[in-house]
Amino acid sequence: MEEFFLPYQKAWILDNSRIKLMEKSRQIGMSWTCAYELVRRHCQSAQKYDSWVSSRDELQAKLFIDDCKKFASILNTAVIDISGTSTLGANDSHSLEFANGTRIWSLSSNPDAQAGKRGTRVLDEFALHPDPEKLYAIAYPGITWGGNLEIISTHRGSDNFFYKLVEEARFGGNPKNISLHRITLQDALEQGLLRKLKKILPPDSPVAEMDESQYFDFIKNSCADEESFLQEYMCQPADEKSAFIAYDDIKRCVYKESEQWQNFSDENSKLYLGVDVGRTHDLSVFWLLEKCADVFYTRDIKVFKDTSFSEQEIHLHSYLRNPRLCRVAIDQSGLGRQFAERAIERYGTTRVEGVSFTQASKEMLAYPLRTAFENTSIRIPNDVDVIADLHAVKRETTNNGTIRFKAERTTDGHSDRFWALALALYAGRESHFQFVFEQIQAKKRDFIW
C-alpha cells in the first residue's frame with residue numbers, strides 16, 4: 001500500500017467506520033482508491049455481502065469496474081466479469097464476481113437502483129446526483145445487516161444535501177456518527193499528488209517542470225473563476241443564496257453524457273441565436289437554440305476571444321444563411337452597436353434585433369432565463385465553463401432599491417455565455433413581439449397622461 005497510495009488515500013482505505021464521508025478536490029484519485037478498497041475487502045473470506053457503487057453515469061460505472069479488475073489482477077485475485085448478465089437492467093449491470101461468491105456492482109445514478117439491496121454502499125460524486133437526499137434515504141437502510149456507507153464528492157453549492165451532511169458532522173453534534181475526511185488540492189499536493197502525477201504524465205507535459213506552487217497556480221488560473229476554483233478544488237461550496245440561477249436548477253438541464261447535443265432533432269423546427277459581443281477584455285459568444293415543443297435545446301456555442309469583427313461577421317452570416325434561423329438578438333451595447341446595425345441593414349429587423357444592455361433590459365433577459373432553468377425547459381451541454389458562467393451571475397439590490405446583475409470579470413470573460421443564452425432565449429420567445437408592443441403602448445399612455 002505504501003507504494004501505491006498517498007497518506008489521505010491510505011487514511012480512507014483503513015477507515016472502517018460504518019458511515020464515512022469525504023469532501024474533496026477534483027482529480028485527486030479517490031475513485032481509483034475506492035476501487036482498490038472494495039477489491040481488497042472482497043478478497044477476504046469473511047466478506048458476506050455485495051458492494052453497490054452509485055456512479056455519476058453509465059460511462060463512470062463501467063470505468064469503475066475496469067479499475068476493480070486491474071486491482072484484482074494486482075492482488076492476484078480471480079474475478080469474473082458478469083456485466084450484462086444480471087436482471088437489474090442494461091444500465092445497472094456492470095459487475096464483478098469473486099471466488100467467495102460476493103460481487104461488486106457499479107450502478108447508474110438512479111436512487112431506486114439502491115432499493116432492496118444489502119451490503120456496502122459507495123456514493124461517488126454524491127452532490128452531483130439529481131436528488132442526493134433521496135439517494136441517501138434509499139441507500140442507508142442497505143447497511144442495516146452489515147457493510148459501510150461511503151460518500152465521496154466535491155461540493156455543488158451550499159444548498160445541497162451533501163453540504164448539509166458535512167455541516168451536521170462538523171458543527172451539528174454529528175448525530176449520524178460520520179467519519180469526516182476533507183482533502184483540498186493544497187492538502188493533496190502537500191502529501192505528494194504532483195509527484196504521482198509526474199510519473200503518469202508524458203515527459204513533454206507542461207506539468208513536468210512545475211513545482212507544487214506552480215501547479216497550484218496553474219490549476220487556479222485555468223478555472224472559470226475564483227468561485228469555481230474554491231468549490232472544485234478547495235472544498236468551499238459556492239454561495240447559492242447570491243447566485244441568480246441555482247446550481248441544482250442548472251444541473252437538471254444539462255445533457256446526459258451519452259446525448260449528442262449538437263444533433264438537430266427536427267428539420268422543420270425553428271432556430272434562434274443570441275450574440276453577446278466582445279473583443280479584447282470580454283468574449284464574443286454565439287449561442288444557437290433549437291425549439292422543439294416547449295423546450296429550447298442548445299445546438300451550438302461558438303466562443304471568440306481577440307477576434308476581429310470581420311471574422312465574427314463571417315460566422316454570423318453562416319448562421320443567417322440557414323432559413324430555419326428565425327431570429328437573432330445581438331448585444332448592441334458599446335462595441336456591439338455597429339456589429340448589430342450592419343446585420344440589421346443586411347437581414348432586416350424581422351430577423352435581427354439589437355438589444356442595448358441596461359438594468360431594465362437585463363432584467364427582461366435574465367428572469368425568463370432563470371424561469372426556463374427552474375421549469376427545465378432548456379438544455380445545455382455539460383461544460384464546466386458554461387456552467388460556471390451561468391452560476392456566476394449574482395443579483396444585487398442597490399441602496400436605492402434597483403436590481404443589478406453582476407459577475408466577476410476573469411480571463412475567461414464576464415459571464416458572456418450567460419447573456420448570449422439569455423439573448424437566444426429572448427429571440428425565441430413567442431410573446432416577444434407582443435411584449436415589445438405592450439412596452440410601446442405603455443410609453444404612449446404615460447406620455448398622454
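Note that this is a predicted model, so its numbers are computed, not measured.
Of the possible donor and acceptor atoms, none in the side chain of N375 sits under 3.5 Å from a partner among the backbone N and O of S377. With hydrogens and angles disregarded, a donor-acceptor distance shorter than 3.5 Å links the side chain of K117 to the backbone of A115. Looking only at distances, a side-chain donor or acceptor of Q9 sits under 3.5 Å from a matching main-chain atom of L6. Using a distance-only test at 3.5 Å, with no hydrogens or angles considered, a donor-acceptor pair links the side chain of R379 to the main chain of T376. Checked by atom type and distance alone, the side chain of S205 never pairs as donor or acceptor with a backbone atom of L201 at under 3.5 Å. Remark: the backbone N or O of P237 is not paired with any side-chain donor or acceptor of Q231 at under 3.5 angstrom. With hydrogens and angles ignored, the 3.5 Å screen pairs no side-chain donor or acceptor of K251 with any backbone N or O of I387. Checking side-chain atoms of N100 against main-chain N and O of Q44 turns up a donor-acceptor pair under 3.5 Å. The backbone N or O of T120 sits nowhere less than 3.5 Å from a side-chain atom of S51 that would complete a donor-acceptor pair. Between the side chain of K164 and the backbone N or O of E133, no donor-acceptor pair lies under 3.5 Å.
Rounded to the nearest 0.5 angstrom, L283 CG and D416 CG are separated by 4.5 Å. Separating the CG atom in L128 from the CG atom in N382 is a distance of 8.0 Å, to the nearest 0.5 Å. Rounded to the nearest 0.5 Å, atoms SG (C68) and CD1 (I104) are 4.0 Å apart. Atom CZ of R327 sits about 10.0 Å away from atom OH of Y272, to the nearest 0.5 Å. Taking CG from L197 and CD from Q27, the interatomic distance works out to 9.0 Å, rounded to the nearest 0.5 Å. In this structure, T77 OG1 and K69 NZ are separated by 15.0 Å, a value rounded to the nearest 0.5 Å.
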Working note: D300 + K302, criterion salt bridge (Lys or Arg N to Asp or Glu O under 4.0 Å); need CA distance, chi angles, decisive distance, verdict. CA-CA 7 Å; D300 191 30; K302 284 187 169 59; 2.7 Å; yes
Audit row: L135, S54, side chain to side chain contact (heavy atoms under 4.5 Å, CB included) steps and yes/no: CA-CA 9 Å; L135 178 60; S54 177; 4.0 Å; yes
Let me see the working for V39 and V79 under side chain to side chain contact (heavy atoms under 4.5 Å, CB included), right down to the final yes or no. CA-CA 10 Å; V39 170; V79 294; over 6 Å; no
Begin from the C-alpha positions of K70 and D66 and carry the test salt bridge (Lys or Arg N to Asp or Glu O under 4.0 Å) through to its verdict. CA-CA 6 Å; K70 292 174 185 176; D66 289 343; over 6 Å; no
W12/M30 under side chain to side chain contact (heavy atoms under 4.5 Å, CB included): CA gap, chis, key distance, verdict: CA-CA 9 Å; W12 182 260; M30 285 310 301; 3.7 Å; yes
Step-by-step side chain to side chain contact (heavy atoms under 4.5 Å, CB included) determination, V275 to S284: CA-CA 7 Å; V275 181; S284 278; 5.9 Å; no
Take F162 and H155 through the test ring-ring contact (aromatic ring centres under 6.0 Å, His included) and record every step on the way to the result. CA-CA 7 Å; F162 176 69; H155 279 287; 5.1 Å; yes
Residue pair K24, E232: steps toward the salt bridge (Lys or Arg N to Asp or Glu O under 4.0 Å) verdict: CA-CA 8 Å; K24 70 174 190 71; E232 301 295 330; over 6 Å; no
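Under the 30°/60° scheme for interplanar angles, the aromatic rings of F71 and Y36 are found to stand perpendicular. By the 30° and 60° cut-offs, the orientation of the rings of Y136 relative to Y140 is parallel. Between F304 and H315, the angle of the ring planes lies from 30° to 60°, which puts this pair in the tilted group. A parallel orientation is assigned to the rings of W105 and W52, their planes being inclined by less than 30° (bins at 30° and 60°). Aromatic ring orientation, W419 versus F357: tilted (interplanar angle from 30° to 60°).
Listed by first and then second residue, the salt bridge (Lys or Arg N to Asp or Glu O under 4.0 Å) pairs that reach into residues 201-222 are K220-E226, sequence neighbours excluded. Screening residues 364-376 for salt bridge (Lys or Arg N to Asp or Glu O under 4.0 Å) gives R370-E374 as the qualifying pairs, with residues at least two apart or on separate chains.
The side chain to side chain donor-acceptor pair (under 3.5 Å) check on K176 picks up E168, with sequence neighbours excluded. Under the rule for a salt bridge (Lys or Arg N to Asp or Glu O under 4.0 Å), D248 has no partner lying at least two apart in sequence or in another chain. Partners of R18 by salt bridge (Lys or Arg N to Asp or Glu O under 4.0 Å), not counting sequence neighbours: none found. Judged as a salt bridge (Lys or Arg N to Asp or Glu O under 4.0 Å), and not counting sequence neighbours, the contacts of E290 are R299, R324. Here E23 pairs with R170, R182 under the salt bridge (Lys or Arg N to Asp or Glu O under 4.0 Å) rule; sequence neighbours left out. In this structure F373 satisfies the ring-ring contact (aromatic ring centres under 6.0 Å, His included) test with no other residue, sequence neighbours excluded. By the side chain to side chain donor-acceptor pair (under 3.5 Å) test, R195 pairs with no residue at all, sequence neighbours left out. Scanning for side chain to side chain donor-acceptor pair (under 3.5 Å) contacts around E125 gives T154, with sequence neighbours left out. Legend: residues meeting side chain to side chain donor-acceptor pair (under 3.5 Å) with K20, ordered by chain and number and at least two apart, are E37.
Counting heavy atoms of neighbouring residues, nucleotides and ligands inside a 6.0 Å radius, atom CG of N76 does not exceed 12 of them.
Between F126 and Y163, a ring centre-to-centre spacing not shorter than 6.0 Å is recorded.
There is a side-chain donor-acceptor pair under 3.5 Å between S106 and S55. With hydrogens and angles left out, the side-chain atoms of D15 and H181 include a donor and acceptor closer than 3.5 Å. Side-chain atoms of Q186 and E190 form a donor-acceptor pair, as typed in the model, at a separation below 3.5 Å. When only modelled atom types and interatomic distance are considered, Q47 and T102 share no side-chain donor-acceptor pair under 3.5 Å.
Minimum heavy-atom separation, H391 to A246: CD2-C, 4.2 Å. Scanning all heavy atoms of the two residues, the minimum distance from A388 to S228 falls at CB-OG, 3.4 Å. Of all heavy-atom pairs between F264 and L288, the closest is CZ-CD2, 4.0 Å.
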Do any side-chain atoms of residues 143-151 form donor-acceptor pairs under 3.5 angstrom with protein atoms, and if so which ones, sequence neighbours left out?
{"from": "T144", "atom 1": "OG1", "to": "P141", "atom 2": "O", "distance (Å)": "2.6"}
{"from": "N148", "atom 1": "ND2", "to": "N16", "atom 2": "O", "distance (Å)": "3.3"}
{"from": "N148", "atom 1": "ND2", "to": "S17", "atom 2": "O", "distance (Å)": "2.9"}
{"from": "E150", "atom 1": "OE2", "to": "R41", "atom 2": "NH2", "distance (Å)": "3.1"}

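At least one side-chain heavy atom of I183 sits under 4.5 Å from a side-chain heavy atom of I28.
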